[in-house]
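So the structure is just underneath, and the comments pick up after that.
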Amino acid sequence: MKKYEPAEIETKWQHRWEEEKLFATGEDAERENFYLLEMFPYPSGKLHMGHVRNYSIGDVAARFLTMKGYNVLHPMGWDAFGLPAENAAIKNGIHPYIWTKENIGEMRAQLKQLGFAYDWNREIATCNPGYYRWTQWIFIQFYKAGLAYKKKNPVNWCPSCETVLANEQVVDGRCERCGAEVGKRDLEQWYLKITDYADRLLSDLDTLDGWPAKVKTMQRNWIGRSTGAEVDFGIKESDRKLRIFTTRPDTLFGVTYMVLAPEHPYVDELTSGTDYEAQVAAFRDKLQYLSDRDRNSTTLEKEGLFIGRYAVNPLNGAEIPIYIANYVLMDYGTGAIMAVPAHDTRDFEFAVKYDLPIIPVIDPGNPDIDTENLKEAFVAEGVLINSGAFNGLNNKEAIVKITDYLEAEHIGVKSVNFRLRDWLISRQRYWGTPIPMIYCKNCGWQPEKEENLPVLLPTDVEFSGKGESPLTTSKSFRAAVCPVCGGEAEREIDTMDTFLDSSWYFLRFCDARNEEEVFDRAKAGYWMPIDQYIGGVEHAILHLLYARFFTKFLSDIGWAPVIEPFMNLLTQGMVLKDGAKMSKSLGNVVSPEEIIEKYGADTARLFILFASPPEKELEWSDAGVEGSYRFLNRVYRIVNEFLEIAAGSPAGEPPAAAGADAAKDLTRAMNAAIKKVGEDIGRRFNFNTAISSIMEFVNAMYRYKDAGTFDPGLARRAAETLILLLSPFTPHICEELWEAAGHEASVYGEAWPEFDEDALTLDTVEIAVQINGKIRGRLQVRTGLSPDALVEAALADEAIAPFVAGKEIIKKIGVPDKLVNIVVKG
RNA sequence: GCGGGCGUGGCGGAAUUGGCAGACGCGCCGGAUUUAGGAUCCGGUGGGGCAACCCGUGAAGGUUCAAGUCCUUUCGUCCGCACCA
C-alpha cells in the first residue's frame with residue numbers, strides 16, 4: 001500500500017483548488033449566507049503559530065458551514081500600513097512598499113500552504129491606493145459630519161516611535177508597540193470624535209450576546225460612564241464659581257476641602273500676587289517631571305498644597321480650604337473635586353496626611369464602626385446624618401433628592417462623564433494613509449475634493465527616523481490647491497493611525513474591487529453583519545472598539561447596513577511553549593514552516609485544533625504533534641484498507657451473522673461521531689472534542705477489521721463518512737482519500753453527513769447500582785426501562801441482594817439508562 | 001484595591017441538564033510482528049491494597065438519595081483595569 005506522503009498530497013490539492021477557483025464566493029439568494037472572518041494580519045514577514053491557530057479555527061468553521069449548505073464568505077487581506085515597514089526602510093534602505101509587498105507574498109504563500117479556503121479574489125491590502133482612497137473618503141465624511149477636528153492639546157508622545165499615540169495605544173504608561181515610556185507634548189493633532197458615540201458604544205454592548213463577557217467588560221470599563229452631578233461652589237472674595245463633578249452628591253454636607261488639578265486654569269488667577277504664588281509654581285514644576293505613568297499611579301503618595309483661598313459650600317455655606325494636589329487630573333470631569341474624606345478613600349488618605357477635618361455624613365448602621373472616629377473611609381450604603389434637611393434618607397435616595405434640589409436652586413446639574421477620550425488619529429510617520437486635508441491661509445482647513453482622491457503617498461521622501469513626518473522631505477507632496485478658493489495651499493503632512501484602515505476592512509471585503517464607491521450597499525447588505533469574528537483578545541479595546549465606532553458612523557450616514565459589525569466573537573487563546581508565550585527573546589519559538597515541512601499542513605492544523613479548546617491557551621507539544629501525525633497515518637491506512645477490501649468483495653452480499661455485533665458497533669460509532677462532530681463545531685466550536693470523537697470512530701474501524709467479517713457496503717460507508725467528517729480539519733489528506741474512493745469532485749462541495757438516531761440507541765445498556773450512593777454492582781438492562789422497572793431489576797440482582805437483606809429501604813431512585821440508587825438503613 | 005477567568009492522573013485535556021470522574025491524545029508498561037531497531041497492531045495504565053475494599057476533581061464546611069458541577073468560607077494562579085472624583 002502507498003505510504004502517506006503529505007508534501008506530495010498537499011501541493012497537489014492546493015494547485016487543484018486554485019485552478020478550479022474552488023473558494024470563490026458570490027451573492028446567492030438561494031442559500032443562507034454566513035460571513036466568517038478572522039482578524040487580518042500585519043505582514044510582518046512570516047506566519048507565527050498564533051496566526052496558524054487563528055486561521056485554522058476559522059478554516060474549519062468555513063469548510064464545515066459550506067458543507068452544511070451555507071454560502072460562506074471567508075476572505076483574507078493585509079493590515080499593511082505600519083511602523084515596522086518604515087523602520088525596515090530606515091535600517092536597511094528598502095522602501096516600505098517593497099518590504100511590505102515581499103512580506104505579503106511570503107505570507108500569502110504560507111497561508112496557501114496551510115490549505116485555508118479563502119476567496120482570494122477579494123484580497124485587499126490597506127496600503128494600496130485602491131483601498132486607502134476609501135479610507136480617506138471615510139475620513140472626509142467624518143470631517144463633513146463635524147466628527148473630525150484638529151486641536152492643540154497635550155498628547156502622548158512615544159520618543160522611540162517618534163510619533164503621537166492614542167490613549168488606547170498607551171498601556172501602563174508605555175507605548176503599546178515598542179514599550180518605550182510615553183511622554184507628553186503639546187501638539188496640534190487630528191482627532192475623531194468617538195466620544196459622541198460613547199453612549200451608543202456602551203449601551204449596544206448589551207445586544208452583543210455572542211461576545212465573551214470579558215471583552216464587553218473591558219469595553220465598558222474603557223468607556224467608563226459615570227453619572228453624577230456638576231456643582232458650583234462659591235469662592236470667597238471672588239465672583240468666580242468653582243465647578244466640580246461628583247458621583248456622590250449625597251455626601252455634599254461632608255465636604256471639608258476642595259482640590260484643583262495643578263493645571264486648572266483658576267489656579268493662577270486665585271494665587272497671583274499672593275504669598276502662595278511661588279509655592280504653587282514650584283509644586284507644579286515638580287509634577288511636570290513626573291511621567292503620566294507615575295502621575296496616574298495609585299501607589300504614588302498623595303501630595304498637595306493649600307493655595308490660600310477658600311471655597312463656599314452651596315448647601316450649607318461652610319468655608320473650606322482650596323488645595324491643589326497630584327491626585328486630581330485636569331482631563332477628567334472639570335479638573336476640580338470636592339473632597340469628602342469620611343466617604344472617599346483617596347480624600348481620607350489626603351485628609352489624614354494634611355490634618356484636615358473629617359465629617360461623617362452617612363451612618364453605616366454598624367456598631368463596630370465608630371462614625372466619629374473613622375479608621376478608614378466608609379464607602380458603602382447608609383443613612384444620611386449631619387446633612388440638614390436630608391438627614392434620615394438612604395444615601396441612594398439622597399443622590400436623587402439632592403441632585404433635584406441642586407437643579408431647582410440652579411447650583412448644580414445632573415451630569416454624565418466618560419473616561420473615553422476623543423481618538424487622536426494623526427501620526428508623524430510616512431507609512432500610513434495620508435490625511436486628505438489641505439490648509440489654506442484664507443479658507444482654513446478644507447478636505448481634498450473627493451474626485452481628487454486618493455491623495456497618494458509620495459515616493460520622493462527620505463527616511464531618517466527623526467523629527468517630523470518624512471512627508472515633509474517630499475518636494476512635490478506639500479504644495480496643494482485650495483479646494484475652495486483655488487489659491488495656494490498646503491497639505492497635511494501627517495498620516496493616519498493604522499487602526500483607521502482596519503476599522504472598516506470587513507465592509508470592503510463585501511465588494512473589494514469596487515472603484516466607484518467605498519462598497520456597494522446591496523452587497524454589504526447581503527453579507528453583513530459578520531456572523532463570526534475570530535481573533536486575539538489583545539484587540540478588545542483597540543480594534544474592536546474602533547470598528548464598532550466606524551460601523552455606527554457609516555450606518556448613520558447611510559452606508560453600513562448594520563450598527564454592530566460583529567455578531568459573534570471568538571477570542572482565541574495564545575500559543576505557549578514551556579508555559580510561556582512564544583518569543584524570540586525566550587528562544588521558545590516553533591516556526592510553522594518547520595512543522596509543515598516535517599509533517600505537513602494537515603498535521604499542524606490537526607494538532608493545533610486538538611490540543612486545546614480554541615479560546616484557551618495552547619501548550620505546544622512536539623510529542624503531541626507526533627501523535628497527530630500518527631493519527632493521520634492511521635486514517636490513511638484504514639481508509640485505504642476499507643476501500644480495497646470493499647472493492648474486492650462482491651457487492652451486495654449480506655453480512656455474515658457472526659459479524660452482526662461488530663457491524664452494529666461500527667455503525668453506532670460512526671453515527672455517534674457524525675452527531676458529536678456536528679454539534680461540537682456547529683454549536684460551540686469545540687474542535688478538540690470533535691476530533692476525539694473522530695478518533696473513537698477510527699478506533700472502531702480498526703476493531704471492525706479485527707472482527708474478521710466484512711460488509712463491503714458498510715465498509716465503504718464508514719470510510720467515506722470518516723473522510724467527510726475529517727475534511728474541515730485536514731482537507732488535503734481527505735481530498736486524496738476522497739479521490740481514492742472514486743469521487744471526481746472535491747470533498748469541499750459535498751454535503752455534511754446526517755446521522756441515524758436509531759443506530760445510536762443500543763439494545764441494552766449497563767447501569768450502575770448504588771447502595772447509599774456507593775456503587776455495589778452493575779447491571780445489563782434493556783434501554784429505556786422506567787425508574788420503577790430499573791429499581792425492581794436491581795433488587796432482584798443477586799449481587800445486590802446481600803446489601804439490602806435485613807435492612808429497611810428508605811428510598812429508591814432510578815435514572816433511566818444511567819443508574820439506580822437504593823437508600824437503606826440498619 | 002476593583003473586575004473576570006482558572007485550579008481534575010506523570011502531561012494536554014473530557015465530563016452538554018446535579019446521575020458510573022478521568023473520554024480522546026501524549027507518556028509509560030506489557031504482548032504480537034521483526035535478524036535488530038524503528039514503524040505497525042493488540043492489551044494495560046488515578047492512588048493505596050495479594051484481595052474484598054478504601055481513598056480520590058486546590059483546601060474546609062454545607063445542601064442532596066447523589067456534587068468536578070449548586071451554596072458558604074478559604075488558598076493558589078493567570079488576565080484585565082487601576083488616584084476617573
Side-chain angles (χ1 to χ4, degrees), chain A residues 3 171-172 212-218 220-222 224-226 228 244-248 251 259 261 295-302 325-329 331-340 344-347 349-350 417-420 537-538 540-541 573-574 576 579 606-607 610-613 615-628 630-631 633-634 637 676 679-680 683-684 686 688-699 702-703 705-706 766-775 777-778 810-824:
Chain A
K3 205 171 151 263
V171 177
D172 208 15
K214 179 185 171 152
V215 175
K216 288 193 278 189
T217 305
M218 283 168 74
R220 279 192 193 103
N221 291 342
W222 186 259
R225 185 177 198 271
S226 299
I244 59 95
F245 172 71
T246 180
T247 54
R248 296 294 304 274
T251 61
V259 190
R295 177 76 195 276
N296 290 323
S297 152
T298 32
T299 52
L300 181 72
E301 191 177 339
K302 294 182 179 33
N326 59 356
Y327 76 101
V328 173
L329 310 170
D331 62 1
Y332 184 79
T334 61
I337 63 156
M338 61 179 215
V340 187
D344 181 282
T345 45
R346 295 153 298 171
D347 298 343
E349 186 189 331
F350 191 83
N417 253 284
F418 292 94
R419 297 184 50 200
L420 184 70
V537 75
E538 66 273 14
I541 48 173
M574 280 191 305
L576 309 179
L606 185 71
F607 166 72
F610 178 58
S612 182
E615 66 279 2
K616 277 183 75 171
E617 289 174 344
L618 183 149
E619 175 67 31
W620 187 265
S621 154
D622 290 330
V625 178
E626 288 276 356
S628 293
R630 209 177 303 160
F631 172 72
N633 273 287
R634 212 166 136 78
R637 278 192 302 272
K676 180 93 173 121
E679 285 177 359
D680 283 355
R683 216 194 301 166
R684 37 178 212 172
N686 279 7
N688 54 332
T689 50
I691 293 167
S692 75
S693 71
I694 296 175
M695 288 172 168
E696 286 180 82
F697 176 31
V698 170
N699 291 342
Y702 275 87
R703 276 202 301 278
K705 193 185 80 170
D706 271 8
E766 189 186 66
I767 62 158
V769 182
Q770 301 180 330
I771 307 293
N772 291 346
K774 289 199 188 297
I775 292 170
R778 291 175 193 284
I810 294 172
K811 203 164 185 178
K812 299 179 276 194
I813 296 111
V815 182
D817 301 340
K818 293 260 164 73
L819 57 65
V820 166
N821 190 9
I822 295 164
V823 186
V824 297

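Keep in mind it's a predicted model, so treat the numbers as computed, not measured. Per chain, numbering begins at 1; letters A, B, ... match sequence-line order. Atoms considered below: every heavy atom in the structure, side chains included; atoms not considered: hydrogens, waters and symmetry mates.
Scanning both residues, Ser612(A) and Glu617(A), for their nearest heavy atoms gives OG-O, 2.9 Å. Residues Val328(A) and Gly335(A) share a closest heavy-atom pair of CG1-O, 3.7 Å. Residues Thr334(A) and Phe245(A) share a closest heavy-atom pair of OG1-N, 3.6 Å.
Residue side chain Arg683(A) reaches the base of U16(B) through a donor-acceptor N/O pair under 3.5 Å, judged by distance alone. Remark: the Lys818(A) side chain and the C20(B) base include no donor-acceptor N/O pair separated by less than 3.5 Å.
With sequence neighbours left out, Arg419(A) forms a salt bridge (Lys or Arg N to Asp or Glu O under 4.0 Å) with no residue at all.
Across the protein-nucleic acid pair, Ile541(A) atom CD1 and G80(B) atom P stand 10 Å apart, rounded to whole Å. Between Asn821(A) atom CG and G19(B) atom P the separation is 14 Å, expressed in whole Å. Taking atom OH of residue Tyr332(A) and atom C1' of nucleotide C83(B), one finds them 12 Å apart after rounding to whole Å. To the nearest angstrom, P of G13(B) lies 20 Å from CZ of Phe631(A). Here the P atom of nucleotide A15(B) and the CG atom of Asn688(A) are 8 Å apart, to the nearest Å. Put simply, CD1 on Ile771(A) is 14 Å from P on A66(B), counting in whole angstrom units. Straight-line distance from the CG atom of Leu576(A) to the C1' atom of G13(B): 14 Å, rounded to whole Å. Residue Ile691(A) contributes atom CD1, which lies 12 Å from atom P of A14(B) at whole-angstrom precision.
For C70(B), the paired nucleotide is G62(B), the pair qualifying as Watson-Crick or G-U wobble because both relevant distances are below 3.5 Å. Figure legend. A32(B) is base-paired to U40(B); pairs are counted as Watson-Crick or G-U wobble with both atom distances under 3.5 Å. Pair assignment for A14(B) gives none, since no Watson-Crick or G-U wobble pairing has each distance under 3.5 Å. Figure legend. C6(B) is base-paired to G76(B); pairs are counted as Watson-Crick or G-U wobble with both atom distances under 3.5 Å. Base pairing of G1(B) is made with C81(B), judged by Watson-Crick or G-U wobble geometry with both donor-acceptor distances under 3.5 Å. The pairing partner recorded for G27(B) is U45(B), the criterion being a Watson-Crick or G-U wobble arrangement whose two distances lie under 3.5 angstrom. The partner of A52(B), taking Watson-Crick or G-U wobble pairs whose two distances both stay under 3.5 Å, does not exist in any strand shown.
Nearest-nucleotide assignment on RNA chain B puts the 5′-proximal partner with Asp817(A), out of Asp817(A) and Val537(A). Sequence order on RNA chain B of the closest nucleotides to Lys214(A) and Asp344(A) puts Lys214(A) first from the 5' end.
Within 4.0 Å of Ile775(A), counting heavy atoms only, lie sugar-phosphate atoms of the nucleic acid but no base atom. Within the 4.0 angstrom heavy-atom criterion, no nucleotide atom of any strand lies near Asn221(A). Within 4.0 Å (heavy atoms only), Asn699(A) reaches sugar-phosphate atoms of the nucleic acid but no base atom. No engagement by Phe418(A) is indicated, since no non-hydrogen atom pair under 4.0 Å with the nucleic acid exists. Contacts of Val823(A) with the nucleic acid, taken as non-hydrogen atoms under 4.0 Å apart, involve only primed sugar atoms and P, OP1 or OP2. At the heavy-atom level, Asp331(A) lies nowhere under 4.0 Å from the strands shown. Within the 4.0 angstrom heavy-atom criterion, only backbone atoms of the sugar-phosphate kind lie near Thr246(A); the bases stay farther away. Heavy atoms of Arg630(A) sit under 4.0 angstrom from primed sugar atoms or phosphate atoms, though from no base atom. In this structure, Glu617(A) reaches the sugar-phosphate backbone alone: every heavy-atom distance under 4.0 Å involves primed, P, OP1 or OP2 atoms, never a base. Backbone-only contact: Gly627(A) has heavy atoms under 4.0 Å from sugar-phosphate atoms and none from a base.
The side-chain tip of Lys302(A) does not point at the ring of Phe350(A) from less than 6.0 angstrom away and within 45° of straight on.
Put simply, the side chain of Tyr327(A) does not reach to within 4.5 Å of the side chain of Glu349(A), judged on heavy atoms. The shortest side-chain heavy-atom distance between Ile813(A) and Gln770(A) does not fall under the 4.5 Å cut-off.
Put simply, Arg634(A) has a side-chain N or O that comes within less than 4.0 Å of OP1 or OP2 on C41(B). Applying the 4.0 Å criterion to OP1 and OP2 of A85(B), one finds that Ser226(A) has a side-chain N or O inside that range. Arg419(A) has a side-chain polar atom (N or O) that falls below the 4.0 Å cut-off from OP1 or OP2 of A82(B). Residue Arg637(A) places at least one side-chain N or O closer than 4.0 Å to OP1 or OP2 of C41(B). Contact annotation: Tyr702(A) side-chain N/O to C41(B) OP1/OP2 distance is under 4.0 Å.
Rounded to whole Å, the separation between the P atoms of A39(B) and C6(B) comes to 39 Å. Nucleotides U34(B) and G38(B), compared at atom C1', are 10 Å apart to the nearest Å. A gap of 36 Å separates the P atoms of C79(B) and C29(B), to the nearest Å. Atom P of A59(B) sits at a distance of 23 Å from the matching atom of U64(B), rounded to the whole Å. Rounded to a whole angstrom, the distance from the P atom of A85(B) to that of G5(B) is 23 Å. Taking atom C1' in both G19(B) and C11(B), the straight-line distance is 29 Å, to the nearest Å.
Listed candidates were G19(B), A15(B), C24(B). Nearest to the side chain of Thr689(A) is A15(B). Taking only side-chain atoms of Ile813(A), from C-beta outward, the nucleotide of C81(B), C41(B), C65(B) with the closest atom is C65(B). Distance from the side chain of Leu329(A) is smallest for A85(B) among the nucleotides G13(B), G25(B), A85(B). For Thr217(A), whose side chain is taken as the heavy atoms from C-beta onward, the closest listed nucleotide among G3(B), A14(B), C20(B) is G3(B). Taking only side-chain atoms of Met695(A), from C-beta outward, the nucleotide of G25(B), C81(B), C26(B) with the closest atom is G25(B). Among A85(B), C20(B), U16(B), the nucleotide with an atom closest to any side-chain atom of Glu679(A) is U16(B).
Counting only distance, with no hydrogens or angles, the side chain of Asp347(A) and the backbone of Val340(A) share a donor-acceptor pair below 3.5 Å. At distances below 3.5 Å, at least one donor-acceptor pair connects side-chain atoms of Asn326(A) with backbone N or O atoms of Glu301(A). Side-chain N or O atoms of Asn686(A) include none that pairs as donor or acceptor with a backbone N or O of Asp680(A) at under 3.5 Å.
Glycosidic conformation at G7(B) (O4'-C1'-N9-C4 for purines, O4'-C1'-N1-C2 for pyrimidines): anti, more than 90° from 0.
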